[in-house]
Trainee: 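Structure in structure tokens, see below.
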Amino acid sequence: MAPHLAHGTATTALLDELSWRGMLHQTTSPDLAAHLASGVRVGYAGFDPTSDSLTIGNFMGIKLLAHLQRAGHKPIVVSGGGTGLIGDPSGKSAERQLLTRELAEHNARSQQRIFDRFLDFSGPRAAVIRNNIDWLESMSYLDMLRDIGKHFSVNQMIARDSVASRLEGREQGISYTEFSYMILQAYDFLHLHRADGCTIQLGGSDQFGNIVSGIDLIRRLEQHESFGATCPLVTTSDGQKIGKTEKGAIWLTADRTSPYRFLQYWLNTSDADAVKFLRWFTFLESDAIEALAHALATEPGKREAQKTLAAEMTRMTHGATELARAQATSEALFSGLVKSLDAAQIAEIAADLPSSSVATTALSQGISIVDFITGTSCAASKREAREFVQNGAVSINGEKVTLECTVRAEHALPGGVILIRRGKKAYHAVRLQSS
RNA sequence: GGGCGGAUACUCAAGCGGCCAACGAGGGCAGACUGUAAAUCUGCUGGUUUCACCUACGGGGGUUCGAAUCCCUCUCCGCCCA
């Protein structure tokens, strides 16, 4: 096969992939395609150490790197252990609280465990993780001003959206610290370019300005061309940020969001978003997604698209074993057939739900249903508890209850657990305690 | 420093001496219909020992039979003059 044909294939690999998935918002140069086609390239994306884990809002950045790697290039994950100390003003309307050094480092390190699941850290195109504290810390202020700052025009810097918006509103200014952020991120790119031959930076659309800064810096100091590509800001069909729920964000680690909750989140995806999410978040091929789109259109009640989305995401993030457990929990709870489960299964379910405990002795005399559910995560007060029961929203172990119902020790399932359900989706496990 | 105006429940926002646990909107929760979706309709959205009481309209104090509503003061915010 002719070499130029092979190049042609490589060209289409990354950008076309991102494009049909709706993940390509902007590129810094039309020459990026040719650049990608002409060899194995090194690209990076940065992650803020604002927390010790990452949410599905950060997932896009990871996925961009994964696509890059799958297209035959080499990804670098940059933990912002250094830049995190400064704070990126992009997309923020107010000055941020500074992280402590310890926290930024701890978070950066803690986030690194997540990337194993999505990137390949072995082989010739092994992903690597870098922490920008390693090169930012040793950079002296004078060197930064003389060698790097000299190449930035304040006139351009204040024209940036992220800065301009903070200059307009009088009550929300911007500190010199955050104003300088873009210089640090630009320097990151320069450093990676020098140290790792990195020529591409990927990120969300709000990062475009920062990416361009880096490209300019590399051009001035190294006379090399480098590139950037951004993905659109992903939102739900009603304009909500993805992964934000009333109960908090959806995280990519089990210590923050249980696999069961994670599965449920995707399972509840609305029809309007299902296909879009399949393209954005999963690695399923185009035909597979088209088939699911067809299934959704013809048999929406079956929710094939949502089920596949949820399964794919949970498997990728938590592994096949956790997926199977989460699915089993999910099926048992929603079918109401919890009585058929054995003690081990119930224990697993209870572990995934908010829970509380009650003394067996108290239960032996019987507790009214209202008192029983008050104070659990299903009802905040007696008034509310009464209302829910009257509405027929509450069931115990899968059976609807009325106000007259009294909960007794006999209600306990194998393993000494009573399952409360309020409405369709709120569950609570009450453990019996013998002493 | 001086002069105004404002602070009400998750958010916005009425109320301006008793009929105020406080209009309305949004949000949230539940029910019905469905598909653990959306839309729609209905109900709820301070607490309790629920036809009553308690706690609440920025904090504190006062006037009054009675205050979110009037007065004083403190804190914070906005506008205007220096």
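All values derive from a computational prediction rather than experimental measurement. Chain identifiers are assigned alphabetically (A, B, ...) following the order of the sequence lines, protein sequences preceding nucleic acid strands; residue numbering begins at 1 within each chain.
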Trainee: Should A/Ile369 and A/Thr406 count as side-chain neighbours, where that means a heavy-atom distance under 4.5 Å?
Mentor: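 Of all side-chain heavy-atom pairs linking A/Thr406 with A/Ile369, none is under 4.5 Å.
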Trainee: Does the side chain of A/Val275 reach to within under 4.5 Å of the side chain of A/Leu292, using non-hydrogen atoms?
Mentor: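 No, every pair of side-chain atoms sits at 4.5 Å or beyond.
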Trainee: What's touching nucleotides 9-11 of chain B from the protein side, N or O pairs under 3.5 Å?
Mentor:
none

Trainee: Taking the P atom in each of B/U36 and B/G46, what is the distance between them to the nearest angstrom?
Mentor: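 Here B/U36 and B/G46 have their P atoms 31 Å from each other.
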Trainee: Would you call B/U75 syn or anti, using the 90° rule around 0?
Mentor: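 Because its glycosidic torsion lies more than 90° from 0, B/U75 adopts the anti conformation.
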Trainee: Which whole number of Å gives the distance between the P atom of B/C71 and that of B/G18?
Mentor: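 Nearest-Å result for B/C71 against B/G18 at atom P: 15 Å.
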Trainee: Which dot-bracket string fits RNA chain B when only Watson-Crick or G-U wobble pairs with both atom distances under 3.5 Å count, crossing pairs get [ ], and | stands for a partner on a different strand?
Mentor: ((((((((.[[[..)..(.....]]]((((((.......))))))(((...)))...[[[[[..)....]]]]]))))))).
Trainee: Verify the distance criterion only: is there a donor paired with an acceptor across the side chains of A/Gln207 and A/Asp88 at less than 3.5 Å?
Mentor: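 Yes, because at least one side-chain N or O of A/Gln207 sits under 3.5 Å from a partner of the opposite role on A/Asp88.
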Trainee: Of A/His151, A/Gln185, A/Gln156, A/Arg160, which is the lone residue that meets side chain to side chain donor-acceptor pair (under 3.5 Å) with A/Ser213?
Mentor: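 Of A/His151, A/Gln185, A/Gln156, A/Arg160, side chain to side chain donor-acceptor pair (under 3.5 Å) with A/Ser213 is met by A/Arg160 alone.
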Trainee: Let me have a per-nucleotide readout for nucleotides 36-41 of chain B, 5' to 3', with B, S or -, counting only protein heavy atoms under 4.0 Å.
Mentor: BB----
Trainee: RNA chain B: A/Lys302 or A/Glu387, which has the more 5' nearest nucleotide?
Mentor: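 Closer to the 5' end of RNA chain B: A/Lys302.
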Trainee: Below 4.5 Å, heavy atoms only, C-beta onward: do A/Val77 and A/Gln112 meet side chain to side chain?
Mentor: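 No, their side chains stay 4.5 Å or more apart.
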Trainee: Could I get the full list of ring-ring contact (aromatic ring centres under 6.0 Å, His included) partners for A/His35, not counting sequence neighbours?
Mentor: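 Residues passing ring-ring contact (aromatic ring centres under 6.0 Å, His included) with A/His35: A/Phe227.
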Trainee: Are any non-hydrogen side-chain atoms of A/Ile200 and A/Leu36 less than 4.5 angstrom apart?
Mentor: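 A/Ile200 reaches A/Leu36 side chain to side chain.
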Trainee: Residues two or more places apart in sequence or in another chain: which of them pass ring-ring contact (aromatic ring centres under 6.0 Å, His included) with A/Phe121?
Mentor: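 Counting only residues at least two positions away or on another chain, A/Phe121 forms no ring-ring contact (aromatic ring centres under 6.0 Å, His included).
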Trainee: Would one find a side-chain N or O of A/Arg422 under 4.0 angstrom from OP1 or OP2 of B/A30?
Mentor: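 Yes, within the criterion.
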Trainee: With side-chain hydrogen bond (donor to acceptor under 3.5 Å, both in side chains) as the test, would you mind laying out the steps for A/Gln264 and A/Ser330 before giving the verdict?
Mentor: CA-CA 8 Å; A/Gln264 284 297 320; A/Ser330 184; 2.8 Å; yes
Trainee: For A/Ala332 and A/Ile349, work out which heavy atoms get closest and say how close.
Mentor: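 Closest pair (atom of A/Ala332, atom of A/Ile349, distance): CB-CD1, 4.0 Å.
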Trainee: Could you give the CD1-to-P distance, from A/Ile420 to B/A30, as a whole number of Å?
Mentor: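 Going from CD1 in A/Ile420 over to P in B/A30 covers 15 Å.
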Trainee: Roughly how many Å apart are B/U75 and B/G58, using the C1' atom of each and rounding to a whole number?
Mentor: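 Between the two C1' atoms, the distance is 8 Å.
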Trainee: Do the charged groups of A/Asp188 and A/Arg130 touch, with an N to O distance under 4.0 Å?
Mentor: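 No.
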Trainee: Should the pair A/Arg70 and A/Phe283 be classed as cation-pi, given the thresholds of under 6.0 Å to the six-membered ring centre and 45° from the axis?
Mentor: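 Relative to the ring axis of A/Phe283, which defines the angle, A/Arg70 lies inside both limits.
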Trainee: Tell me, please, which residues at least two apart from A/Thr374 pass side-chain hydrogen bond (donor to acceptor under 3.5 Å, both in side chains).
Mentor: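 Counting only residues at least two positions away or on another chain, A/Thr374 forms no side-chain hydrogen bond (donor to acceptor under 3.5 Å, both in side chains).
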Trainee: On a whole-Å scale, what distance lies between the C1' atoms belonging to B/G66 and B/C70?
Mentor: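 Comparing C1' positions in B/G66 and B/C70 gives a spacing of 13 Å.
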Trainee: Where is the tightest heavy-atom contact between A/Asp371 and A/Lys382, given as atom of each residue plus distance?
Mentor: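 Of all heavy-atom pairs spanning A/Asp371 and A/Lys382, the closest is OD1-NZ, 2.9 Å.
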Trainee: Nearest heavy-atom pair of A/Thr28 and A/Val212: which atoms, and what distance?
Mentor: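 Reported closest heavy-atom pair: CG2-CG2, 4.1 Å.
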Trainee: Produce the list of close N/O pairs, under 3.5 Å, pairing protein atoms with atoms of nucleotides 50-52 of chain B; give distances to one decimal.
Mentor:
| unit_1 | atom_1 | unit_2 | atom_2 | d |
| --- | --- | --- | --- | --- |
| B/U50 | N3 | A/Arg386 | NH1 | 3.1 |
| B/U50 | O4 | A/Arg386 | NH1 | 2.5 |

Trainee: Expressed as a whole number of Å, how far does the C1' atom of B/C51 sit from that of B/A56?
Mentor: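 Those two atoms are separated by 22 Å.
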Trainee: Say you pick atom P in B/G15 and the same atom in B/A7; how far apart are they, in whole Å?
Mentor: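 The answer is 10 Å between these two P atoms.
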Trainee: Taking atom P in both B/A68 and B/C19, what distance in whole Å separates the two?
Mentor: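 Each nucleotide's P atom is 9 Å from the other's.
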Trainee: Taking the same atom, P, in B/C33 and in B/G28, what whole-Å distance lies between them?
Mentor: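 Their P atoms lie roughly 22 Å apart.
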Trainee: Does any pair with a residue in residues 332-378 of chain A pass ring pair (Phe, Tyr, Trp, His ring centres under 6.0 Å), and if so which ones, sequence neighbours excluded?
Mentor: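 Qualifying pairs: A/Phe334-A/Tyr427.
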Trainee: Where along residues 350-358 of chain A does a heavy atom fall under 4.0 Å from RNA chain B?
Mentor: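 When residues 350-358 of chain A is checked for heavy atoms under 4.0 Å from RNA chain B, there are no hits whatsoever.
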Trainee: List for me each residue that meets ring-ring contact (aromatic ring centres under 6.0 Å, His included) alongside A/His411, sequence neighbours excluded, and say none if there are none.
Mentor: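 By the ring-ring contact (aromatic ring centres under 6.0 Å, His included) rule, A/His411 matches no residue at all.
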Trainee: Does some side-chain heavy atom of A/Val430 sit less than 4.5 Å from a side-chain heavy atom of A/Val407?
Mentor: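 Not touching, per the 4.5 Å side-chain cut-off.
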Trainee: Can you name the side-chain hydrogen bond (donor to acceptor under 3.5 Å, both in side chains) partners of A/Thr402, sequence neighbours left out?
Mentor: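 A/Thr402: side-chain hydrogen bond (donor to acceptor under 3.5 Å, both in side chains) contacts with A/Glu404.
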Trainee: Just to be sure I understand the geometry, which residues of residues 278-299 of chain A put a non-hydrogen atom under 4.0 Å away from RNA chain B?
Mentor: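 Contacting residues: none.
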